Amino acid sequence: DVKVTQSSRYLVKRTGEKVFLECVQDMDHENMFWYRQDPGLGLRLIYFSYDVKMKEKGDIPEGYSVSREKKERFSLILESASTNQTSMYLCASSFLGRVSTEAFFGQGTRLTVV
Amino acid sequence: DAKTTQPNSMESNEEEPVHLPCNHSTISGTDYIHWYRQLPSQGPEYVIHGLTSNVNNRMASLAIAEDRKSSTLILHRATLRDAAVYYCILRLATGSARQLTFGSGTQLTVLP
């Protein structure tokens, strides 16, 4: 059974904290993605990566950074968490260059910044 | 990047067919049309995709217009478990091929 696993389902952090959201996939996918989802705004792409140590900005990268040191793991970093980063965060993965194939999503991490 | 347009919401009665429309008038010749759905409290899941011809799988059917400027996801017999947000997206075959960009989707309500 294919899997994209996000390290936490729920997370509460304080304003100004550095926050790490971890995502691991076991399908040997090259592509990995981070999204946030907010009511009325749908899924918005934050960052994606197509190879180890490679990253590209999505539509809303401000306030976030990412790290991809191993192929199976893609981390989203909030350098200094703010209340407007309270959201549902979703990780996904897919094969590179195969636009006809599906992407797989994790269950999501609901982050609350207080 | 080519965009998609979907109705915000639709309703269907249980065990009746549902036709979910999507417009993508600026689609490029090699863009694939993908559909995903998101059940409550879950991440999105793949439903179906196509390029030019109509497609069927165990979950749904995808009807693609001849000019490819629109498509329709067909659920043949809606069940209560089909209540979800349905996203129509284009997988770009050139340029930003690695991106997977979602719109706001259609919220499907299935009435018992």
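Only a predicted model underlies this, so the values are computations on that prediction, with no experimental measurement involved. In what follows, chains are A, B, ... by sequence order, proteins preceding strands, each numbered from 1.
Under the 4.5 Å side-chain heavy-atom criterion for Ile, Leu, Val, Met, Phe, Trp and Tyr, A:Phe95 and A:Val24 are members of distinct hydrophobic clusters. A:Ile77 and A:Ile46 end up in different hydrophobic clusters when Ile, Leu, Val, Met, Phe, Trp and Tyr side chains are linked at under 4.5 Å. Under the 4.5 Å side-chain contact rule for hydrophobic residues, A:Leu21 and A:Met32 share a cluster. Residues A:Tyr35 and A:Val113 fall into different hydrophobic clusters, defined by Ile, Leu, Val, Met, Phe, Trp and Tyr side chains chained together at heavy-atom separations under 4.5 Å. Hydrophobic clustering keeps A:Leu45 apart from A:Leu78 (ILVMFWY residues linked when any side-chain heavy atoms are closer than 4.5 Å, directly or through intermediates).
Inspection of non-hydrogen atoms places B:Tyr36, B:Gln38, B:Ser41, B:Gln42, B:Gly43, B:Pro44 of residues 35-45 of chain B under 4.5 Å from chain A.
Counting heavy-atom pairs under 4.5 Å between each of A:Arg44, A:Gln37, A:Met88 and chain B puts A:Gln37 at the top.
A:Leu43 CG to B:Tyr87 OH: the interatomic distance, rounded to the nearest 0.5 Å, is 4.5 Å. In this structure, OH in B:Tyr46 is found 13.5 Å from CZ in A:Phe105, a value given to the nearest 0.5 Å.
Within 6.0 Å of the CZ atom in A:Arg9, the count of heavy atoms belonging to other residues, nucleotides or ligands exceeds 12. Residue B:Asn8 qualifies as open at atom CG: its count of foreign heavy atoms under 6.0 Å is 12 or below.
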